[in-house]
2 protein chains.
Amino acid sequence: MTRKPQRATLADVAREAGVSMMTVSRVIHGTGRISDETRQHVREIIEKLEYRPNRAARTLVTKRTYMIGFVAPDITNPYFTEILQGVEEFFWREGYNVMLANSNENPEREKAILDQLESTMVDGIIVCSSRLSDDELIPLIEKHSAIVVVNRNLPHHLGSVVTTLHPRGYRAVLAAKYLYETGRRRIGYVNLVRSISSVNLDMFMQELQALHIPVNPSWYATCKPTWQAGYETGKVLLAEHPELDAVIAGNDLVALGVMRAAVEQGLRIPQDLALIGGDDILMASQVTPPLTTFRSDKYHIGTMAAELLLRRVEGDLTYYEHHYDDVLIIREST
Amino acid sequence: MTRKPQRATLADVAREAGVSMMTVSRVIHGTGRISDETRQHVREIIEKLEYRPNRAARTLVTKRTYMIGFVAPDITNPYFTEILQGVEEFFWREGYNVMLANSNENPEREKAILDQLESTMVDGIIVCSSRLSDDELIPLIEKHSAIVVVNRNLPHHLGSVVTTLHPRGYRAVLAAKYLYETGRRRIGYVNLVRSISSVNLDMFMQELQALHIPVNPSWYATCKPTWQAGYETGKVLLAEHPELDAVIAGNDLVALGVMRAAVEQGLRIPQDLALIGGDDILMASQVTPPLTTFRSDKYHIGTMAAELLLRRVEGDLTYYEHHYDDVLIIREST
DNA sequence: TTTACTAGAGTTAGCGCTAACTCGACCCCA
DNA sequence: TGGGGTCGAGTTAGCGCTAACTCTAGTAAA
């Protein structure tokens, strides 16, 4: 066991100041009626003894931990990192701390996290881009009172929601439409693994057909949302389908992986292959050629999610939804 | 206040199972002597009531939170993100959670974090690349029993340490030497803000002089370790000193910012300007031209720091230090 | 038969804090 | 002169858990 420095307790402060514990507690919280004189005196003793409240004791009686859980599939992905930054910043100002749980793109791990994150550990949870199906996710979050999910819809009584302005999956259709308009005819699509739900792909294909854009199921692949996975999927897809003249990717990291694969196969971008990504991370604008992608203000997504969560934590269980705009930013990869 | 789902307590389980609370506690911890029959029965009741231990109550008596604090200057910087990933992964396996504190490159904020991070909140702390001076940092961490710092040295009794193999600041000298050998003669240096300590820069200049590499104080600038700051510092530095034929940056993000500034000023890399970064983030290898930089296995730094911290948390207060190798990876920016 | 141990529990006493109630002194107004 | 309000505290009773000690019946050794 660790040697813990012997900290002063409320009782120590009370004794030293010659008042009751409640008086000290009231001074700390600024509640109740305390004379200026007493308040001043207690403050001096607190200072002198370097008293700090014991979080666990406080939590035990108030049932509040002032800790927020942030669950994301990959904290190495700049997209989530910037959201996290927004969340952390917001909650820091509000006196909450953020506990991080990284599922590492592993659905089982995500389940374990959600299962173990007890109400005695956190006051609320933000779940980003869950890789679980609704059937898996919903039972796991039902027991939590304060939940906000990002990039996912939820039955309204379970928690608030932050999503894109465009209905899910529709972004890829927009991208395809733009590519078609700029003359591309054989458009590949590397989808992120969770969206493998055929519903999504079916929708995508139907929409394309409605727009008279050529459709071919073998042009569509799925992969994990990492650069490495994008690179490997890109290599295979481009080798097997040299006819492709454009690829849409589920996010920037994957798009950039595909870009690397394309370059290695001697393809010129955008002449031979156009590329569209998904969330406008810094790297997207700095590669050559810069990547066309959908803008998303990730920091703002984070602060919005945090704000909606705070409302729930503070007892306002109204359902709120916030939609962030994601316009297509056209750069030189298309 | 939030509606918290009414959770079963130890007492509920004990009553329902017809045993004492201690028996239930023993079953949970696998300690003490319990008959197989009782154990089985208690487990069933736990399952049935969906009992989960109350963390705060446990912490209050054991003084252990099973929470680790991770303090970094910028969680948006992939360098720290990957370290964090290593830390989180390691501690997750060990049954600890990680609390995140982002100082946002703001020394005052870092101080506030370290001051508020009480032993009643975390069992130990990892401090990455602190932007504080030793004089500021040391008093703040003295009160914590379990500390590991990354990229900083520490009096041995205060905590363990993970640093580069090369003495601090020496990396820039290595980079300069390499640049000189490849024919560069007017070498700029964009240092990170904390290292502004003139000691560091003096050392750098002395070493260069010893190697007969031209030295000029006005070629050296400092900036915050972000892409944006690197970009802006680069713009100014390159405009004022068109004679520069190489720039060394404190980290990759800054180097890439300088690269962008150089490209905008019409400089060709590496023909007109050679560039060296600092920590080999993914983006460094994906820009054109790929950036020469120092390799660092960030995930491994994270797991090593976590391992050293766990030892301290578990009561082994021996001083350990781990040095990670950082070799120069030569790419096309030089 | 007594002693002595062991397996398998139970009992007691807090950890440090706060919610909710209580209490005395003082003042104001009818 | 007594009823009621306010100020500035204090008292009581836990929150849910675990460390450390106690207790009892059964068994083995002397």
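Chain naming here is simple, since letters A, B, ... match the order of the sequence lines and numbering starts at 1 in each.
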Contact nearer the 5' end of DNA chain C, comparing A:V61 with B:G18: B:G18
Within residues 91-102 of chain A or reaching into it, pairs that qualify as salt bridge (charged side-chain N to carboxylate O under 4.0 Å, His left out) - sequence neighbours excluded: A:E89-A:R93
Pairing residues for A:R58 by the salt bridge (Lys or Arg N to Asp or Glu O under 4.0 Å) criterion, not counting sequence neighbours: none
Side chain of B:T9 (C-beta onward), nearest among C:dG10, C:dG16, D:dC17: D:dC17
Touch class at under 4.0 angstrom, heavy-atom based, for A:R33 against every strand present: base
Pair A:S129-A:N151, side-chain hydrogen bond (donor to acceptor under 3.5 Å, both in side chains): steps then yes or no: CA-CA 5 Å; A:S129 304; A:N151 294 337; 3.1 Å; yes
Spacing of B:R15 atom CZ relative to C:dG10 atom P, expressed in whole Å: 14 Å
With A:N77 via side chain to side chain donor-acceptor pair (under 3.5 Å) - residues at least two apart: none
For atom NZ of A:K63 and atom C1' of C:dG16, their distance in whole Å: 14 Å
Test item: B:I138 and B:P155 side chains (from C-beta on) under 4.5 Å apart, heavy atoms: yes
Distance, rounded to the nearest Å, where B:L60 contributes CG and D:dC17 contributes P: 12 Å
Listed partners of A:H41 passing ring-ring contact (aromatic ring centres under 6.0 Å, His included), at least two apart: none
Near-strand residues of residues 22-29 of chain A, defined as heavy-atom separation under 4.0 angstrom from DNA chain C: A:M22, A:S25, A:R26, A:H29
Sequence neighbours excluded - ring pair (Phe, Tyr, Trp, His ring centres under 6.0 Å) pairs with any residue from residues 80-110 of chain B: B:Y66-B:Y96, B:F91-B:Y96
Pairing residues for A:E136 by the side chain to side chain donor-acceptor pair (under 3.5 Å) criterion, not counting sequence neighbours: A:K111, A:S133
Donor on one side chain, acceptor on other, B:H323 and B:E321, under 3.5 Å: yes
Global bending angle along the helix from C:dT1-D:dA30 to C:dA30-D:dT1, which compares the axes of five pairs at either end, to 10 degrees: 50°
Touch class at under 4.0 angstrom, heavy-atom based, for B:L10 against every strand present: base
Electrostatic pair B:D134-B:R152, nearest N-O below 4.0 angstrom: yes
Protein-nucleotide distance (A:M21, atom CE; C:dT18, atom P), rounded to Å: 8 Å
Check: B:R55 main-chain N/O paired with B:T59 side-chain donor or acceptor under 3.5 Å: yes
Exam field: side chain B:E110 to backbone B:R131, donor-acceptor pair closer than 3.5 Å: yes
Where at least one partner belongs to residues 25-38 of chain B, residue pairs that pass salt bridge (charged side-chain N to carboxylate O under 4.0 Å, His left out), sequence neighbours excluded: B:D36-B:R39
Any A:S35 side-chain N or O less than 4.0 Å from OP1/OP2 of D:dA9: yes
Any residue meeting ring-ring contact (aromatic ring centres under 6.0 Å, His included) with A:H156, in chain and number order, not counting sequence neighbours: A:Y319
Any residue of residues 36-57 of chain A with a heavy atom less than 4.0 Å from an atom of DNA chain D: A:T38
N/O contacts under 3.5 Å, protein versus nucleotides 25-27 of chain C?
none

Nucleotide D:dG16, atom C1' - distance to CZ of B:R58 in whole Å: 11 Å
